[in-house]
Amino acid sequence: MPVWQHILYSAEITAEHYGRTVSVGGWVQDIRNLGGISFVQLRDRDGVVQVTAVKKRNPELFAEINSLQRESVLLVRGTVKESKEARAGFEVLPEDVRVLSAAESPQPLGVVDKVGADLDTRLNNRFMDLRKADIRAVFRIRAAALQGVRDYLLSESFIEVSTPKIVAAGAEGGATLFPIKYFDKSAYLAQSPQLYKQNLMASGLDRVYEIAPAYRAEASDTVRHIAEFTSLDVELAFIESSEDVMAVAEGIVDSSLRHLLTAAKADLDLLGVDLSVPEPPYPRIRYDDAIDLLASDGMKIAHGDDLGTEGEKRLGDIVMEKHGALLYFITEFPTSLKRGTFYAKRYDEDPERTGYFDLDYKGQEIVSGGQREHRYDVLVEQMRENGLDLEAFDFYLKAFRYGMPPHGGFGFGIERYVQKILDLPNIRETVLYPRDRVRLVP
RNA sequence: GCCCCGGUAGUGUAGCGGCCUAUCAUCCGAGCCUGUCGAGCUCGGGACUCGGGUCCGAAUCCCGACCGGGGCGCCA
């Protein structure tokens with residue numbers, strides 16, 4: 001038996017390996033058998049190594065290689081030979097192969113087939129879908145984007161926390177909560193860490209963030225909704241206004257996008273994405289001005305009404321034209337739109353307005369937040385206005401009675417952010433195993 | 001919650017009352033080929049979601065079920 005030395009990744013093989021014996025492992029992506037010579041494209045996490053078998057050198061090995069099923073997992077020991085014809089500049093002349101796992105046929109999804117596959121088919125066979133380099137690239141970019149987010153928050157003295165995902169009450173109305181059984185009690189999956197991160201503002205851990213799943217039982221079947229998404233939640237205390245909160249959101253996005261330019265350059269190139277990183281500060285557009293901008297563009301929306309999906313998209317186009325901005329804040333949302341957000345602070349001088357903002361990226365809301373109401377009496381009043389059962393929120397309210405600093409924060413939809421960075425047609429492309437109204441498997 | 005649309009080989013599609021023993025590509029199999037990398041060439045294989053109905057005749061029309069796609073509202 002031959003000695004199988006340390007297995008090299010394709011990207012690790014360099015000119016210094018030429019003439020030497022190495023072991024490579026991976027999936028048989030394709031076999032091009034020309035009769036007397038055969039080329040096996042062996043794919044690993046980094047790329048593809050060409051294994052070139054010559055019939056007259058070793059007929060048995062040649063036959064074995066050509067009988068392999070695509071996508072079988074193979075270990076090859078052989079000599080690295082410099083080659084002008086091979087794409088990588090070298091190829092491996094096999095001396096021995098070992099089939100670690102033979103793939104069956106027919107396969108549920110082609111990895112290098114010259115035909116497309118529906119997203120549904122791809123998601124049903126996600127492990128095979130991910131064998132495509134461009135699909136994996138999305139997830140490396142996602143990871144790098146989160147790295148940039150964490151870099152910034154760490155540098156700004158935020159600490160990462162984890163709060164319960166099994167909760168007794170929701171932050172907002174009950175319609176979007178997933179009920180679950182919790183021993184002998186009924187509970188819900190958390191739709192947001194809102195109540196907990198506010199609770200922490202009274203603790204001394206006064207700058208926190210969490211990157212965790214959030215669950216929404218919304219019957220929304222669109223390319224930008226999923227039932228389980230990753231929410232970046234940030235909360236900070238001792239703020240003066242919502243502007244302090246916006247500055248953090250802006251810092252996060254800027255840090256993240258810049259990090260991508262270096263850390264994810266190869267993957268962005270692979271996807272053909274020419275990432276544009278806008279210079280902060282991002283434009284601040286007051287809600288009322290946004291309504292007027294849309295009106296001047298021929299879209300009539302009453303002051304106090306929601307922009308709607310169409311309005312949001314149109315505003316994205318308008319802001320691009322006027323400011324050349326991909327990212328912009330919509331600020332000072334009217335109380336009429338935030339009434340259900342009982343914890344939103346309303347302006348003392350004008351209770352019909354709040355400091356709440358959205359951060360939109362290419363006509364799509366990715367962040368929403370603002371300054372919270374930290375005064376117990378006012379908060380209770382706003383909760384009553386929403387018909388909430390104060391008893392159920394006892395743990396939350398208590399924190400406001402024994403020293404709660406002014407604070408604010410936001411929720412940031414990671415998947416929507418990645419979707420917009422890469423201009424992906426469907427948010428499901430940004431989740432390994434998405435959960436939506438109908439999908440529970442895999 | 002509301003509204004539109006679709007389910008044909010493993011994958012992606014054409015066909016939309018008889019011309020269908022169902023098109024094409026991909027894929028799989030057999031063969032030829034010593035420089036392929038969207039390899040090429042020859043031959044072969046493989047499908048109308050299910051259940052009712054209309055009709056002389058249904059992949060095609062109608063109803064239902066199941067599965068899926070998209071939009072709105074709402075939101076991250």
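All values below come from the heavy atoms of this structure, side chains included, with hydrogens, waters and symmetry mates left out. Residue numbers start from 1 in every chain, and the chains themselves are labelled A, B, ... in the order their sequence lines are given, proteins ahead of strands. All figures in this text were calculated on a predicted structure; none of them were measured in a lab.
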Is there a stack between A:F412 and B:A76, judged by ring centres under 5.5 Å and planes under 30°? no

Run the ring-centre check on A:F393 versus A:F342 and record whether the distance is less than 6.0 Å. yes

Determine the Euclidean distance between corresponding C1' atoms of B:C20 and B:A59; express it in Å to zero decimal places. 9 Å

Taking any heavy-atom pair under 4.0 Å as a contact, classify A:I366: base, sugar-phosphate, or nothing. sugar-phosphate

Could you tell me whether the side chains of A:Q371 and A:S241 share a donor-acceptor contact shorter than 3.5 Å? no

OP1, OP2 of B:C72 versus side-chain N and O of A:R224: anything below 4.0 Å? yes

With rounding to whole Å, what would you report as the distance between B:G53 and B:A14 at their P atoms? 30 Å

For a quick check of understanding: with a heavy-atom distance under 4.0 Å over all strands, which category does A:S83 fall into, base, sugar-phosphate or nothing? base

Counting only side-chain N and O atoms of A:K313, is one of them less than 4.0 Å from OP1 or OP2 of B:C72? yes

Are A:T121 and B:G12 close enough that a side-chain N or O sits under 4.0 Å from OP1 or OP2? yes

Quick one: the side chain of A:K55 and the base of B:U34, do they pair up donor-acceptor inside 3.5 Å? no

Do the side-chain N and O atoms of A:R439 and A:N124 include a donor-acceptor pair separated by under 3.5 angstrom? yes

With 3.5 Å as the limit, what N/O pairs link the protein to nucleotides 25-29 of chain B?
| residue | atom | partner | partner atom | Å |
| --- | --- | --- | --- | --- |
| B:C27 | OP1 | A:R70 | NH2 | 3.3 |
| B:C27 | OP1 | A:K114 | NZ | 3.3 |
| B:G29 | OP1 | A:Q69 | NE2 | 3.4 |

If you count every heavy atom of other residues, nucleotides or ligands that lies below 6.0 Å from A:K132 atom NZ, does the total exceed 12? yes

Please collect all salt bridge (Lys or Arg N to Asp or Glu O under 4.0 Å) contacts where either partner lies in residues 407-427 of chain A, sequence neighbours excluded, each pair once. A:R142-A:E415, A:K362-A:D423

Let's see if you can work this out: which of B:G71, B:G1, B:G70 has an atom nearest to the side-chain heavy atoms of A:N426? B:G70

Can you tell me how far P in B:G15 sits from the matching atom in B:U23, rounded to whole Å? 14 Å

Want to settle it: does A:S368 or A:L123 sit nearer the 5' end of RNA chain B, counting the closest nucleotide to each? A:L123

Using a cut-off of 4.0 Å on non-hydrogen atoms, how would the nucleic acid contact of A:I226 be classed: base, sugar-phosphate, or nothing? base

Distance between P atoms of B:G7 and B:C16 (Å, rounded): 13 Å

Considering only side-chain heavy atoms of A:R87, which listed nucleotide, B:U34, B:G35, B:C37, is closest? B:C37

Is a donor from one side chain sitting under 3.5 angstrom from an acceptor on the other, for A:E91 and A:T52? yes

